[in-house]
Amino acid sequence: MKDLKSLHKRQKISTNHQFQNASELIPEGKSRCSQHKEELNLMCNTCNVPVCTSCVTGNHNGHKFSKLVDVIAQLRGENEKNIRDKTNEANQNITKIEDSLKSFDNDVESVIKAITDQSNNIKRIVDKSVSKMIALVKEQSTKEKDKLMKILSAAKSTLVAGQNLDRRRQDLDKTRPDETMVQQINKMKEEISKLDIDSLPEFPKISFDSKAVTEDDIRQLIGSYTLG
């Protein structure tokens with residue numbers, strides 16, 4: 001440590017650097033250099049590995065360094081922010097999907113009611129055609145709802161995955177820093193980056209256009225609806 005301080009004092013760029021005892025930052029006996037038997041209190045930014053103060057003037061001479069606890073704190077902060085952003089986005093997507101399902105259900109019911117009301121004007125001769133059209137509306141709307149339900153399920157799965165990662169992150173935050181901490185946090189960072197939030201498709205819509213009723217062509221006079 002004394003040699004490292006002298007080296008910093010001789011260099012203009014680091015003459016004012018302040019030093020802090022590693023024992024204040026990393027628990028004693030938890031992280032020691034296998035070569036020098038000193039505490040691992042620095043992070044070699046060039047090699048991306050924890051090092052001790054003797055490594056600075058040895059195998060890692062000339063490399064760039066940061067405090068290990070600072071690197072861990074930065075990685076923890078990035079992981080927490082990334083998880084929070086993705087879970088927030090997943091929650092927003094779930095809300096949009098659920099709202100769309102409710103609105104779509106209301107629209108479907110409105111179309112069915114419009115078809116039914118129209119059928120009452122045409123009397124008995126159109127009952128069969130009305131029943132067929134309602135069945136078609138329900139069939140096609142069910143398919144569209146099934147698509148939305150799959151998207152909703154995927155969004156919920158993403159949210160659960162994000163929540164599980166967040167619990168793991170919290171558990172990791174409670175552990176004492178050691179030589180494996182950076183590796184564990186970087187691994188979690190990679191898992192977070194793979195947590196994809198799927199973009200939402202165009203939500204289906206449905207409406208009904210009624211027509212004037214005669215008995216010439218029942219199927220054409222019931223009306224039509226659009227879905228998509």
How far apart are the closest heavy atoms of [X] and [Y], and which atoms are they?
{"X": "Thr175", "Y": "Leu172", "value": "OG1-O, 2.6 Å"}
{"X": "Ala90", "Y": "Ile197", "value": "CB-CD1, 4.2 Å"}
{"X": "Ala114", "Y": "Phe208", "value": "CB-CD2, 3.7 Å"}

One thing to verify: whether [Y] and [X] come together as a salt bridge, which I'm taking to mean a side-chain N less than 4.0 angstrom from a carboxylate O.
{"X": "Glu78", "Y": "Lys189", "result": "yes"}
{"X": "Lys102", "Y": "Asp105", "result": "no"}
{"X": "Asp173", "Y": "Arg76", "result": "yes"}
{"X": "Asp196", "Y": "Lys86", "result": "no"}
{"X": "Arg32", "Y": "Glu179", "result": "no"}
{"X": "Asp146", "Y": "Lys150", "result": "no"}
{"X": "Lys113", "Y": "Asp117", "result": "yes"}

Are [X] and [Y] joined in one hydrophobic group, where the rule is that I, L, V, M, F, W and Y side chains link up if heavy atoms are under 4.5 Å apart?
{"X": "Leu75", "Y": "Leu165", "answer": "no"}
{"X": "Ile185", "Y": "Ile192", "answer": "no"}
{"X": "Ile206", "Y": "Ile97", "answer": "no"}
{"X": "Val160", "Y": "Ile83", "answer": "no"}
{"X": "Val108", "Y": "Leu152", "answer": "no"}

Roughly how far, to the nearest 0.5 Å, is the [atom2] atom of [Y] from the [atom1] atom of [X]?
{"X": "Lys143", "Y": "Ser141", "atom1": "NZ", "atom2": "OG", "value": "10.5 Å"}
{"X": "Asp166", "Y": "Asn82", "atom1": "CG", "atom2": "CG", "value": "11.5 Å"}
{"X": "Asp178", "Y": "Gln183", "atom1": "CG", "atom2": "CD", "value": "10.0 Å"}
{"X": "Thr180", "Y": "Lys187", "atom1": "OG1", "atom2": "NZ", "value": "11.5 Å"}

- Donor-acceptor pair between Gln92 and Asn88 side chains, under 3.5 angstrom: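 On atom types as modelled, these side chains do not qualify, holding no pair under 3.5 Å.
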- Indicate whether any N or O donor in one side chain lies under 3.5 Å from an N or O acceptor in the other, for Gln140 and Glu144.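 No, no side-chain donor-acceptor contact under 3.5 Å.
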Under 3.5 Å, is there a donor-acceptor pair between the side chain of [X] and the main chain of [Y]?
{"X": "Ser153", "Y": "Met149", "value": "no"}
{"X": "Ser193", "Y": "Glu190", "value": "yes"}
{"X": "Thr95", "Y": "Asn91", "value": "yes"}

- Let me see the working for Glu80 and Arg84 under salt bridge (charged side-chain N to carboxylate O under 4.0 Å, His left out), right down to the final yes or no. CA-CA 6 Å; Glu80 180 179 3; Arg84 184 171 58 250; 3.7 Å; yes
- After noting the C-alpha distance and the side-chain angles of Glu89 and Asn93, does the key distance pass the side-chain hydrogen bond (donor to acceptor under 3.5 Å, both in side chains) rule? CA-CA 6 Å; Glu89 187 176 354; Asn93 283 353; 4.8 Å; no
Please tell me if the side chains of [X] and [Y] come closer than 4.5 Å, counting only heavy atoms from C-beta onward.
{"X": "Ser100", "Y": "Leu148", "value": "yes"}
{"X": "Cys44", "Y": "Cys55", "value": "no"}
{"X": "Tyr225", "Y": "Ser207", "value": "no"}

- Pick one: which of Thr87, Leu195, Ile94, Asp198 meets side-chain contact (heavy atoms from CB on, under 4.5 Å) with Thr158?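 Output: one option passes, namely Leu195.
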- Item | Gln163, CD: over 12 other non-hydrogen atoms inside 6.0 angstrom |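 Buried by this count: over 12 neighbours within 6.0 Å.
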- Can you list the steps and then say if Lys205 with Leu227 is a side-chain contact (heavy atoms from CB on, under 4.5 Å)? CA-CA 5 Å; Lys205 297 180 181 179; Leu227 178 65; over 6 Å; no
- Query: Under the salt bridge (charged side-chain N to carboxylate O under 4.0 Å, His left out) criterion, do Arg168 and Asp171 qualify, and how do the steps go?
  - Reply: CA-CA 5 Å; Arg168 286 173 51 196; Asp171 291 340; over 6 Å; no
